[in-house]
Each structure stands twice: as structure tokens, then as C-alpha cells.
Amino acid sequence: MAERPEDLNLPNAVITRIIKEALPDGVNVSKEARRAISQAASVFVLYATSCANNFAMKAKRKTLNAGDVMAAMEEMEFERFLQPLREALQAYKTGQKGKKEATEQKRKDKEKKADLEENDKSQEEDEEEEHMEEEQEGENEEEEVEN
């Protein structure tokens with residue numbers, strides 16, 4: 001754990017991007033204002049995490065989950081953010097499910113391709129064996145004719 005709250009500041013690039021996305025074009029934000037927003041965001045994250053952790057501890061769990069965060073938001077009187085938070089969580093879960101399905105499909109396709117390649121290789125070996133047997137039979141017939 002960090003010794004000072006300043007050690008836990010969010011990256012400036014992330015804060016700058018969030019600020020730009022939140023404001024209309026042409027609005028400038030001073031360096032001092034960006035720093036204040038960054039510190040406020042860090043304090044908010046620390047406070048929300050602490051509140052969510054309290055809910056997890058009450059439930060005798062060591063792992064925070066989305067329900068803990070939702071309860072913390074309500075406790076902190078940020079109810080108006082609950083619906084957008086639920087929607088974002090649902091979008092995340094849907095995206096993760098899609099990624100998982102895509103990964104599974106790739107794995108299946110890879111296995112199928114490997115099986116096909118193995119069958120092709122096996123078939124080539126069988127054909128090669130047949131060809132060698134035919135050559136051997138041909139040589140045996142030639143020897144019989146000579147004798």
C-alpha cells in the first residue's frame with residue numbers, strides 16, 4: 001500500500017483524455033485545474049474502494065465485487081450514477097462474453113485445422129505405403145518372370 005495519497009494519483013494522460021471527452025471543443029483547462037481534478041479523482045477512487053471494501057468485509061469476503069461498488073456508490077450518495085454504472089458493467093460483461101466466445105471459436109478452428117492436417121498427413125503416408133507395396137509387388141513379379 002502507498003504511504004501517501006499523492007503516490008496513488010491516476011496517470012495524467014488518462015485524466016487529460018477524460019477531461020477532453022467531458023468538455024466541449026475549444027474549452028481549455030489549466031495545468032492547475034487538471035492537477036486538482038486528478039487529485040479529486042484519486043481521492044474519489046480511494047474513498048469508493050474503502051466503502052466497497054467495508055461491504056466485502058461485512059460479507060466476510062476478501063474480494064470486492066460489482067455489488068460492493070454499487071452499494072458503496074449508494075452509501076456515498078451517488079445514486080444517480082448507479083444506472084450508468086450498471087449499463088457500463090453490462091456492456092463490459094457482454095464484451096467479455098464476446099471475447100471469450102471468439103477465443104473459444106479460434107481454439108476450435110485451430111484444433112479442427114490440426115486434425116485436418118493430421119488426416120491429410122496420414123492419408124499421404126497411407127498412399128506412400130500403397131505405392132511402395134505396389135512397387136515391391138512389381139519387382140517381385142519381374143523376378144518371377146525372369147526365373
Side-chain angles (χ1 to χ4, degrees), residues 1-140:
M1 178 130 180
E3 293 179 21
R4 303 173 300 164
E6 301 86 51
D7 296 340
L8 300 172
N9 284 338
L10 298 169
N12 288 332
V14 172
I15 297 298
T16 301
R17 182 173 42 87
I18 292 171
I19 291 170
K20 284 183 179 181
E21 289 175 4
L23 297 174
D25 289 339
V27 176
N28 294 322
V29 179
S30 71
K31 197 174 191 179
E32 183 178 286
R34 270 196 308 269
R35 178 85 173 131
I37 291 169
S38 176
Q39 287 178 328
S42 295
V43 168
F44 175 79
V45 170
L46 289 170
Y47 183 55
T49 303
S50 176
C51 288
N53 187 50
N54 289 339
F55 284 101
M57 285 173 44
K58 285 177 189 174
K60 297 181 180 170
R61 289 184 283 106
K62 291 185 178 184
T63 302
L64 304 181
N65 62 34
D68 298 326
V69 175
M70 299 290 187
M73 294 296 283
E74 199 168 340
E75 183 176 285
M76 296 182 328
E77 298 181 8
F78 283 101
E79 292 91 357
R80 69 180 185 181
F81 294 109
L82 288 175
Q83 189 56 38
L85 187 55
R86 284 187 190 102
E87 291 169 5
L89 183 60
Q90 185 58 44
Y92 171 78
K93 286 180 179 179
T94 301
Q96 289 300 105
K97 185 178 178 183
K99 285 181 182 178
K100 185 177 180 180
E101 289 172 353
T103 301
E104 184 66 21
Q105 187 61 44
K106 283 182 181 178
R107 185 188 61 76
K108 286 180 181 178
D109 290 347
K110 192 174 181 180
E111 286 176 0
K112 190 174 182 180
K113 184 179 178 183
D115 287 346
L116 287 173
E117 288 175 355
E118 189 174 309
N119 286 342
D120 287 348
K121 189 175 181 181
S122 177
Q123 193 173 16
E124 287 175 7
E125 288 173 355
D126 289 347
E127 288 173 1
E128 191 174 311
E129 268 184 46
E130 286 178 19
H131 182 70
M132 290 180 77
E133 287 174 3
E134 288 173 0
E135 285 181 355
Q136 186 65 37
E137 287 176 8
E139 288 175 7
N140 289 345

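All values reported here derive from a predicted model rather than from experimental measurement.
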Are any side-chain N or O atoms of Thr94 and backbone N or O atoms of Gln90, one a donor and one an acceptor, separated by less than 3.5 Å?
-> yes

What are the two closest heavy atoms between Leu89 and Ala66, and how far apart are they?
-> CD2-CB, 3.4 Å

CD on Glu75 to CG on Asn54, rounded to 0.5 Å | 7.0 Å

Atom CD of Glu32: over 12 foreign heavy atoms under 6.0 Å | no

Does a side-chain heavy-atom distance below 4.5 Å link Val29 with Lys20?
-> no

Apply side chain to side chain contact (heavy atoms under 4.5 Å, CB included) to Met73 and Leu85, showing your working.
-> CA-CA 10 Å; Met73 294 296 283; Leu85 187 55; 4.0 Å; yes

Where is the tightest heavy-atom contact between Cys51 and Ala72, given as atom of each residue plus distance?
-> CB-CB, 3.6 Å

Are the side chains of Val27 and Pro24 in touch, meaning some heavy atoms are under 4.5 Å apart?
-> yes

Would you mind checking if Arg61 and Asp68 are paired as a salt bridge, meaning a charged N to carboxylate O distance below 4.0 Å?
-> yes

For the residue pair Tyr47 and Phe78, is the inter-centroid distance of their aromatic rings smaller than 6.0 Å?
-> no

With side chains defined as the heavy atoms from C-beta onward, is the minimum distance between Arg34 and Asn12 less than 4.5 Å?
-> no

Decide side chain to side chain donor-acceptor pair (under 3.5 Å) for Gln105 and Glu101; before the verdict, give the C-alpha distance in whole Å, the side-chain angles of both, and the deciding distance to 0.1 Å.
-> CA-CA 6 Å; Gln105 187 61 44; Glu101 289 172 353; over 6 Å; no

Rounded distance [0.5 Å steps], NZ in Lys31 versus OG1 in Thr16 | 10.5 Å

Which heavy-atom pair separates Ser38 from Leu10 by the least distance, and what is that distance?
-> OG-O, 3.8 Å

NZ/NE/NH1/NH2 to OD/OE distance under 4.0 Å, Arg107 and Glu104 = yes

Taking atom OH of Tyr92 as the centre, does the number of heavy atoms from other residues, nucleotides or ligands within less than 6.0 Å exceed 12?
-> no

All heavy atoms of Glu79 vs all of Glu74, minimum pair found to be OE2-O, 3.3 Å

Does Glu77 CD have over 12 foreign heavy atoms under 6.0 Å away?
-> no

Decide yes or no on side chain to side chain contact (heavy atoms under 4.5 Å, CB included) for Val14 and Arg17, but give the supporting numbers first.
-> CA-CA 5 Å; Val14 172; Arg17 182 173 42 87; 4.2 Å; yes

Taking every non-hydrogen atom, the tightest pair across Asn53 and Leu64 | CA-CD2, 3.2 Å

